[in-house]
Undergrad: 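My structure is below; once you've seen it, I'll send some questions.
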Amino acid sequence: MYSQGLIGADGRTIEDEEFLARFQARIDDEQKIEPNDAMPEGYRRTLVRQIGQHAHSEIVGMLPEGNWITRAPSLRRKASLLAKVQDEGGHGLYLYSAAETLGVSREQMTEELLDGTAKYSSIFNYPTLSWADIGTIGWLVDGAAIMNQIPLCRCSYGPYARAMIRICKEESFHQRQGYEIVMTLAQGSPEQKAMAQESLNRFWQPVLMMFGPPDSESRNTDQSVKWKIKRFTNDELRQKFVDATVPQAEFLGLTIPDADLTWNEERQSYDFGPIDWDEFWRVVKGNGPMNRDRVAARRKAWDEGAWVREAALAHAAKRQAQAAE
Amino acid sequence: MSDDTRTLVPQDLMPLWEVFIRPRTGLAHSHVGSVHASDEVMAVQAARDVYTRRGEGVSIWVVPSAGITASDPDQRDENFDPSASKIYRHPSFYDIPDDVGHM
């Protein structure tokens, strides 16, 4: 998710050695950095990028799930899906608010999302073709997000860490509602079970890609770990996720679509097959199945909301003028 | 609307508001984040939608972000370190015999 936020981030700094050493000492001492504190430009830039991309991911993440709100199979499912999508919107707003403390404006971030230059998690560029996908997204996509986000609650930047604490509390509901949907299908008719399996087959690899490129290709990880923006590398988190998820799939009687998946007794961890990184880079660079649709949907919402924003501002200006008389 | 007109002009900027929430009566309002809104009425509404979806509070304050004056972080040491040396401001500075009982 936001670990992908580090793709192409430039962590270089131009400050002198003494300044950087003093900053690093604060980080090593586990002191939180707050908005107006002096910080290396590279630290600020890395965070703006990561938090911004994380916020965009939450907002774009509303689209694949929103697709199924009107077609949820029961009122109970509809109410919880609606609440979940509303949460994603809320998460986006907490994160935009955290990013703004670093001096970037909301308008600037919105503009980058709408003109297609901002990145967001690659997973949301895949379509939701069946109701089972809503379950799979909650179980696996939110599960992977939680795996990424728990360590971010201890991120060295205060506003980001505080936003992540709120988000993690809420994500837990998301993962459980997803798993419950998949479980219901897996324990249902053979057709329903097949639906759950087919959805898992499509999402498994893209979900593993959410943790970002392998450590061997991720040149920005070292600096981010040193600054305690990141606490674990992409590969470490991916492994943790696989280890946590395999038993959950076994409980459901579903098969993880990976012939190379085996328990490694020595490592006390699962070995898994290669990931198609060519596909990952294709999607990140804008050529996934849904990239164009996602940005088009955001633009449409923005454009169609223009009159509301204008009216609200005009009303506020009029009230202010009246009060001044 | 064409792509050309989407560019945001300054008068479109939605003001920023800081949000404070009282979790329950008996506790003070604390800062939880910020929202953009055209005026204070919309700001309270937006703060309610964004920050209180799970019973997080019973009261909301919104304050224009521009209206907050903060101490200078570069002066943190001058401002706050002097109190660290005044240990006589703390009860543990004073030796009272145990025989006196709890005080």
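Lettering of chains follows the sequences in order, A, B, ..., and the numbering in each one begins at 1.
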Undergrad: Does some side-chain heavy atom of A/Asn36 sit less than 4.5 Å from a side-chain heavy atom of B/Arg76?
TA: no
Undergrad: Does any backbone or side-chain atom of A/Asp87 lie under 4.5 Å from a heavy atom of chain B? Answer side chain, backbone, both or neither.
TA: both
Undergrad: Considering residues, nucleotides and ligands other than B/Ile68, do more than 12 of their heavy atoms fall under 6.0 Å from its CD1?
TA: yes
Undergrad: Shorter than 4.5 Å, heavy atoms on both sides: which option in B/Val32, B/Asp74, B/Val50 has the most such pairs with chain A?
TA: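 Sorted descending by pairs with chain A, the first entry is B/Val50.
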Undergrad: Among A/Lys169, A/Gln320, A/Gln86, which has the most heavy-atom pairs under 4.5 Å with chain B?
TA: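 Most heavy-atom pairs under 4.5 Å with chain B: A/Gln86.
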Undergrad: Donor-acceptor pairs are to be reported for all side-chain atoms of residues 94-103 of chain B against protein atoms at under 3.5 Å, with residues two or more places apart or in another chain.
TA:
from, atom 1, to, atom 2, distance (Å)
B/Tyr94, OH, B/Tyr88, O, 2.7

Undergrad: Atom CD of A/Glu170 and atom CZ of B/Arg53: how far apart are they, to the nearest 0.5 Å?
TA: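 Reported to 0.5 Å precision, the distance equals 4.5 Å.
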Undergrad: If you define the side chain from C-beta out and look only at heavy atoms, does anything of B/Glu56 sit under 4.5 Å from A/Arg166?
TA: yes
Undergrad: Got more than 12 heavy atoms from elsewhere within 6.0 Å of CD, B/Glu78?
TA: yes
Undergrad: Among A/Ala316, A/Ser97, A/Ala314, which residue forms the greatest number of heavy-atom pairs with chain B at distances under 4.5 Å?
TA: A/Ser97
Undergrad: Going by heavy atoms in the side chains, are A/Glu100 and B/His36 under 4.5 Å from each other?
TA: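 Touching, per the 4.5 Å side-chain cut-off.
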Undergrad: Please test B/Asp39 against A/Lys318 for salt bridge (charged side-chain N to carboxylate O under 4.0 Å, His left out), starting from the C-alpha separation and ending with a verdict.
TA: CA-CA 11 Å; B/Asp39 61 20; A/Lys318 197 166 142 191; over 6 Å; no
Undergrad: Inspect the surroundings of CZ in A/Arg176 and state if more than 12 heavy atoms from other residues, nucleotides or ligands are less than 6.0 Å away.
TA: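 Open: at most 12 neighbouring heavy atoms sit under 6.0 Å from CZ of A/Arg176.
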Undergrad: Checking the side chain of A/Arg309 only, and the main-chain atoms of B/Met14 only, is there a donor and an acceptor separated by less than 3.5 Å?
TA: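 No, because the side chain of A/Arg309 does not come within donor-acceptor range (under 3.5 Å) of the backbone of B/Met14.
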Undergrad: Counting only heavy atoms not in A/Met109 (residues, nucleotides, ligands), do more than 12 fall under 6.0 Å from its CE?
TA: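 Enclosed.
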Undergrad: With rounding to the nearest 0.5 Å, note down the distance linking CZ in A/Arg106 to OG in B/Ser34.
TA: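 Spacing of CZ (A/Arg106) from OG (B/Ser34) equals 7.0 Å.
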